[in-house]
Amino acid sequence: MSNIHKAFENGKAFIPFITCGDPDIETTEAVVRAAVAGGADLIELGIPFSDPTAEGPVIQGANLRALQGGINTDKIFELVRKLRQDITIPLVFMTYANVVFSYGADSFISKCHDIGIDGLILPDIPYEEKEEFLPVCQKYGVDLISFVAPTSENRIEVIAKESEGFLYIVSSLGVTGTRSSITTDLASVTDIVRKNTKTPCAIGFGISTPEQARHMSELADGVIVGSAIIKLLEKYGKDAPGHVGKFVSEMKSAISN
Amino acid sequence: MTNPKGRFGIHGGQYIPETLMNAVIELEQAYEHYKADPDFNNELEALFNDYAGRPSLLYYAEKMTRDLGGAKIYLKREDLNHTGAHKINNVLGQALLAKKMGKTRLIAETGAGQHGVATATAAALMGMECVVFMGEEDTKRQALNVYRMKLLGADVVPVKTGTATLKDAVSEAMREWTSRISDTHYCLGSVMGPHPFPTIVRDFQAVISKEIKSQMLKKEGRLPDAVIACVGGGSNAIGSFYHFIGDEGVRLIGCEAAGRGIDTFETAATISTGKLGIFHGMKSYFCQDEFGQIAPVYSISAGLDYPGVGPEHAWLHDTGRAEYVAITDDEAVEAFEYLSRTEGIIPAIESSHAVAYAMKAAPEMDKDKIIVITISGRGDKDCAAIARYRGVEIYE
């Protein structure tokens with residue numbers, strides 16, 4: 001078991017997503033520090049992929065900018081090593097299966113353990129394919145995060161029972177990106193989840209405002225926000241850290257009351 | 001131990017977002033049910049024969065055989081199918097299946113536009129809505145096919161992300177499917193993607209090798225010595241190979257697009273230059289860099305311009321049952337012109353890759369040997385692009 005549970009010991013967890021290397025690695029480092037100072041409980045660090053099939057246009061753009069800026073997996077490992085000198089909140093990687101597979105699952109995941117990465121989120125690894133990486137994750141104590149989607153229905157029970165770290169609940173159909181409203185009956189999803197596991201759950205996809213975050217935090221143990229943060233990076237570039245810090249602190253206080 | 005479902009050796013699988021899992025499970029269950037249903041099979045056969053024009057001809061290319069001076073050459077004429085390519089075989093099967101499942105909307109990706117046209121055609125025939133995703137680069141290379149799809153009532157969405165070619169069209173169709181599942185079937189055009197697509201598409205395309213086998217037995221009283229087909233994702237090739245996989249004496253040869261050469265970065269020859277990976281729902285071989293980023297591939301042929309290959313081909317390569325060779329743009333264009341001139345048949349630039357390999361192989365073989373080349377599609381769509389390749393500007 002990793003340290004991920006600690007993220008859920010400080011009230012409802014706020015979980016920002018940051019694409020590493022967008023627009024450059026120095027900005028990512030500053031943004032992570034600003035998010036931690038703003039009250040982030042766990043951070044999802046995105047390792048860019050050339051063809052992110054689960055992402056909407058905003059995060060696709062971040063992946064592209066980061067890759068064009070010359071980021072790669074090894075540089076991101078170095079970044080985490082540096083961040084870990086003083087940052088203690090749980091950190092997880094979010095990327096695609098091929099990034100881990102091509103590096104070699106054992107090399108990639110053992111390195112995660114060495115540098116202090118607590119978990120791995122791979123949107124193209126569903127329950128049926130988790131054996132691809134799970135044995136290696138268990139060997140090194142890195143949690144493989146599972147997803148539950150609005151279409152999961154009869155699958156929720158078994159996914160929840162075997163979940164570790166935290167359970168990622170996808171709020172709506174479709175890809176990542178901000179949405180004006182979320183219409184999925186999430187209460188019935190979280191009900192089934194609660195009945196089957198003690199693993200904390202966090203809701204993500206489409207959440208961008210403090211009101212949405214507060215509403216989601218009533219159902220789940222945490223809230224994940226990606227595209228709304230990436231939009232700040234898109235808009236402010238190297239000057240984004242201050243804006244991200246302020247946004248994180250607004251979101252954290254919205255879910256704390 | 002990875003999940004054994006939908007595997008070809010180590011390849012295949014279901015590497016897709018959780019949101020799509022119940023959709024592919026529903027599809028698999030429906031397919032298992034209908035493939036054993038005599039009514040479904042009768043309906044599909046009627047569509048094949050009365051609408052698509054099957055069986056397609058197996059034509060003895062006598063002049064080409066004489067000219068090359070070696071093995072006897074037959075052409076499997078999938079270019080004569082309705083809509084001008086093998087793509088219609090798979091599309092009629094999937095559209096009929098989708099209709100039985102109660103779906104009212106088909107979405108598809110397309111490279112050269114042949115699969116998009118076939119999907120738009122089936123949607124028109126069956127009264128279904130249709131949206132086709134096509135790389136913006138390809139909408140320019142294949143403008144006539146864009147017009148054809150629109151004429152057939154489909155919406156064509158130009159995809160601007162990434163390299164704006166086939167792989168990006170697949171990604172965008174997958175994204176669309178995750179946002180609208182209940183009324184929508186993703187009519188995947190090749191033997192790729194997550195299980196059950198590689199199996200479903202292969203089964204619908206296997207009619208090609210089934211016909212080749214019986215036609216060849218009738219004409220020659222024996223099986224061919226080699227079957228040659230082009231490979232992008234690999235649907236016409238697997239369709240051409242399938243019923244010969246158990247016949248050890250029949251060489252199965254897949255022709256990949258080398259683009260400007262397999263020693264350059266401008267290539268789409270996955271088996272020659274790629275390595276094992278996980279992408280677009282499957283484990284297979286992919287063109288990629290050292291960190292697993294998918295490579296921006298290139299070929300003159302929009303239909304072969306894909307960085308991966310279907311998992312069953314990856315397995316046939318691993319076991320050595322099939323051979324895969326790489327054919328450059330130059331060789332394919334020469335073959336395009338050669339077959340037009342020699343037999344009066346204008347092949348698709350994709351199929352020209354198979355013709356090009358046969359032009360090298362046939363002269364090396366004895367005159368009592370027989371090879372079959374699958375002409376997967378007709379080349380009318382490519383004339384403007386080939387003219388440009390030869391420095392002639394023509395307007396469609």
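Proteins come first, then strands; the chains are lettered A, B, ... in the order of their sequence lines, and each starts at number 1. It should be emphasised that the depicted structure is a prediction, and the values quoted were computed from it without experimental measurement.
- For the set M21(B), E172(B), M174(B), E290(B), the count of heavy-atom pairs under 4.5 angstrom toward chain A peaks at M21(B).
- Of all the heavy atoms in P17(B) and A54(A), the pair that sits closest is CG-CB, 4.5 Å.
- Of all the listed residues (R180(B), K167(B), E176(B)), the one sharing the greatest number of non-hydrogen pairs under 4.5 Å with chain A is K167(B).
- With chain B as partner, the option from N72(A), V170(A), L134(A) having the largest number of non-hydrogen pairs under 4.5 angstrom is N72(A).
- At a 4.5 Å heavy-atom cutoff, the contact between F291(B) and chain A is made by backbone and side-chain atoms alike.
- Of the atoms belonging to L276(B), heavy atoms from both backbone and side chain fall under 4.5 Å from chain A.
- When atom types are taken as modelled, the side chain of D124(A) and the backbone of Y15(B) share no donor-acceptor pair closer than 3.5 angstrom.
- The structure places CZ of F279(B) at 12.5 Å from OG of S102(A), a figure rounded to the nearest 0.5 Å.
- More than 12 heavy atoms of other residues, nucleotides or ligands lie within 6.0 Å of NZ in K275(B), so this atom counts as buried by the packing criterion.
- Counting heavy atoms from C-beta on, the side chains of T151(A) and E26(B) never come closer than 4.5 Å.
- Between E18(B) and R155(A) there is a salt bridge, with a side-chain nitrogen of the basic residue lying less than 4.0 Å from a carboxylate oxygen of the acidic one.
- Not one N or O on the side chain of S179(B) forms a donor-acceptor pair closer than 3.5 Å with the backbone of G174(A).
- Of the two parts of P48(A), only the backbone, made up of N, CA, C and O, holds a non-hydrogen atom closer than 4.5 Å to a non-hydrogen atom of chain B.
- For a residue to count as touching a neighbouring chain, one of its non-hydrogen atoms must lie under 4.5 Å from one of that chain's; by this rule V148(A) touches chain B with the backbone only.
- Between chain B and the options P123(A), A97(A), G61(A), P57(A), heavy-atom pairs under 4.5 Å are most frequent for P123(A).
- The minimum heavy-atom distance linking S152(A) with N22(B) is given by the pair O-ND2, 3.1 Å.
- Note: D51(A) leads L64(A), V99(A), D51(A) in heavy-atom pairs under 4.5 Å with chain B.
- In this structure, CZ on F133(A) lies 4.5 Å from CD1 on I278(B), to the nearest 0.5 angstrom.
- Neither the backbone nor the side chain of N63(A) comes within contact range of chain B, judged by heavy atoms closer than 4.5 Å.
- Checking Q293(B), Q288(B), K283(B), H280(B) one by one against N98(A), the side-chain hydrogen bond (donor to acceptor under 3.5 Å, both in side chains) holds for a single residue, Q288(B).
- A donor-acceptor pair under 3.5 Å is absent between the side-chain atoms of T19(B) and the main chain of L173(A), judged by distance alone.
- Using a cut-off of 4.0 Å between Lys/Arg side-chain N and Asp/Glu carboxylate O, E129(A) and R7(B) are scored as salt-bridged.
- In this structure, chain B has a heavy atom under 4.5 Å from the side chain of L67(A), while its backbone stays farther away.
- Closest non-hydrogen pair, E55(A) versus R175(B), comes out as O-NE, 3.0 Å.
- Contacts between F101(A) and chain B at a heavy-atom distance below 4.5 Å involve the side chain alone, from C-beta outward.
- Here the closest non-hydrogen pair linking T161(B) and Q60(A) is CG2-OE1, 3.0 Å.
- Using a 4.5 Å cut-off between heavy atoms, I159(A) contacts chain B through its side chain alone, with no backbone atom that close.
- Neither the backbone nor the side chain of D289(B) comes within contact range of chain A, judged by heavy atoms closer than 4.5 Å.
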